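Quick caveat, the model's predicted, so the values are computed rather than measured. Start at 1 with the first residue, then count along the sequence.
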Amino acid sequence: MADTVIAIYGPTASGKTAVAEAVTRQIPAEVVSADAAALFRGLEVLTAAPEQPARLVGVFDVEHDVSVGEFQRLAHEAIDDVLSRGRTPVVVGGTGLYLRAAVSNLELPPPPTEEVRQRWEAFYYEHGGTHAHERLQTLDAEAAARVHPNDRRRVVRALELAEAGGTLAGDELWSGVTRHPTLIFGLEVPDDVLEQRIRARAGSMLERGVVAEARAALARPLSRSASKVMGLADFAELPAEDAREALVANNRRLARYQRKWMRRMSNLVPLDGARSADVIAGEIVETARRRGMLEA
């Protein structure tokens, strides 16, 4: 099919970017990033930005507060432009919501005002997760049934939506409906291999100057979304080795969360991510051709 989109997802440090770049060496294709952190300029080391050109990498200064809705518009434009050139978009990233927004038409509620978000976050911290979850049950029982009291981010988001008349319960992100025919591949990597890759990448960041990069960014008025980039404050403020260990620990937690996203994705094609990028890319291309989604 001329309008096929390939999407690649997986836990952090699973090699998604390398696989996407390998795909572009095997077929006429372009990489479209679906990584929230990669959107910011000046954080190329910390965000492990791709070495080859990719769409939606380094788009905004760190002062810009980007929303999922804004990203979705940019991603749709990028994907449609790649298709118009007769090439295959390879959408790649570890941010599940952003990946879904890129390939689908999500009906996203407007982001809450800073005042509303701060109020509900303060409510959660002051009263605790159990009490905040009980409040959610009174406002939106169906959403409460889908969110654990310890998941602060989603409890707060559900409370925001309930107050605005919306609901988190209708957030069926992985319904399988996409804008274009899309094949979503998921990289599965054994825990020990992923641990090695996470540690190696964190060490490489130090060698490549991540401390100076983080300090330069933190000296500017960061937006709310930029301030959430993992490792930014740690590398700017902590001793280098402490910051590296903090990043490794945070990446472990992130990988567990990303694997949960993978289990929610309908029609995902699992792949052995412990192999070389070229071998995995070859399987992606062959699978797409076998399913009639790429020309032989």
Side-chain angles (χ1 to χ4, degrees), residues 1-10 16-44 47-112 171-186 223-226 228-229 258 261 265-268 281 284-285 288 293-295:
M1 296 182 185
D3 59 347
T4 292
V5 174
I6 291 173
I8 302 173
Y9 186 74
K16 299 181 294 293
T17 299
V19 171
E21 291 175 344
V23 170
T24 68
R25 294 192 292 270
Q26 299 190 22
I27 60 172
E30 291 187 42
V31 175
V32 179
S33 172
D35 188 299
L39 286 166
F40 295 105
R41 281 189 287 267
L43 299 176
E44 289 76 19
T47 60
E51 297 180 1
Q52 298 181 12
R55 306 286 188 106
L56 303 188
V57 172
V59 177
F60 301 115
D61 290 325
V62 293
E63 292 87 350
H64 183 82
D65 196 18
V66 63
S67 68
V68 180
E70 181 178 23
F71 167 79
Q72 179 170 249
R73 176 180 58 80
L74 294 173
H76 290 179
E77 291 174 356
I79 289 169
D80 292 348
D81 184 60
V82 173
L83 288 170
S84 72
R85 298 168 185 267
R87 304 170 74 83
T88 300
V90 182
V91 183
V92 58
T95 310
L97 177 58
Y98 276 57
L99 185 78
R100 187 60 183 173
V103 300
S104 302
N105 279 316
L106 287 185
E107 294 186 9
L108 298 163
D171 187 22
E172 296 293 346
L173 294 177
W174 294 101
S175 63
V177 179
T178 55
R179 297 176 65 241
H180 301 285
T182 301
L183 266 178
I184 302 179
F185 296 89
S223 67
R224 179 186 178 88
S225 49
K228 294 179 180 178
V229 173
Q258 290 168 317
W261 268 97
M265 295 180 181
S266 61
N267 302 320
L268 179 135
I284 288 173
V285 171
M293 299 181 75
L294 285 179
E295 293 182 2

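- Using modelled atom types, no side-chain atom of Thr47 and backbone atom of Ala38 make a donor-acceptor pair closer than 3.5 Å.
- A heavy-atom distance below 4.5 Å is not found between the side chains of Thr17 and Glu51.
- Taken to the nearest 0.5 Å, the OH atom of Tyr9 stands 13.0 Å off from the CZ atom of Arg100.
- Gln26 places no side-chain N or O within 3.5 Å of a backbone atom of Val285 that could act as its donor or acceptor partner.
- Thr182 contributes atom OG1, which lies 6.5 Å from atom CE of Met293 (distance to the nearest 0.5 angstrom).
- The line from CG of Asp61 to CG of Leu43 is 10.0 Å long, rounded to the nearest 0.5 Å.
- Atom CZ of Arg224 is separated from atom OG of Ser67 by 13.0 Å, given to the nearest 0.5 angstrom.
- Panel note: side chain Gln258, backbone Gly94; a donor-acceptor pair is recorded below 3.5 Å.
- Considering all non-hydrogen atoms of both residues, Pro89 and Val82 come closest at N-CG1, 3.7 Å.
- The OG atom of Ser104 sits 9.0 Å away from atom CZ of Arg179, with the distance rounded to the nearest 0.5 Å.
- Nearest approach of Arg41 to Val59, heavy atoms of both residues: NH1-O, 2.6 Å.
- Looking at Thr95, its side chain never comes within 3.5 Å of a backbone N or O of Leu97 through a donor-acceptor pair.
- To the nearest 0.5 angstrom, Ile6 atom CD1 is 6.5 Å from Ile284 atom CD1.
- Closest approach of Ser33 to Val57, counting heavy atoms only: CB-CG2, 3.6 Å.
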Determine, step by step, whether Tyr98 and Leu56 satisfy the side chain to side chain contact (heavy atoms under 4.5 Å, CB included) criterion, reporting the C-alpha distance in whole Å, the side-chain angles of both residues, the deciding distance to 0.1 Å, and the verdict.
-> CA-CA 12 Å; Tyr98 276 57; Leu56 303 188; over 6 Å; no

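- Residues Val91 and Val5 are in side-chain contact: their nearest non-hydrogen atoms beyond the backbone lie under 4.5 Å apart.
- Using a 4.5 Å cut-off on side-chain heavy atoms (C-beta onward), Leu99 and Met265 make contact.
- Side-chain N or O atoms of Glu44 include one that pairs as donor or acceptor with a backbone N or O of Gly42 at under 3.5 Å.
- Annotation for Ala101 and Val68: closest pair CB-CG1, 4.0 Å, computed over non-hydrogen atoms.
- Among all heavy-atom pairs drawn from Ala34 and Phe71, the shortest one is CA-CZ, 3.7 Å.
- You'll find the side chain of Ser225 stays beyond 4.5 Å of the side chain of Phe60, heavy atoms only.
- Exactly one of Val31, Ile79, Val32 qualifies for a side chain to side chain contact (heavy atoms under 4.5 Å, CB included) with Arg55. That residue is Val32.
- Looking at Lys16, its side chain does come within 3.5 Å of a backbone N or O of Gly10 through a donor-acceptor pair.
- Ion pairing of Arg25 with Glu21 is absent here, as no side-chain N (NZ or NE/NH1/NH2) approaches a carboxylate O to less than 4.0 Å.
- Smallest separation of non-hydrogen atoms from Ser223 and Ala226: OG-N, 3.1 Å.
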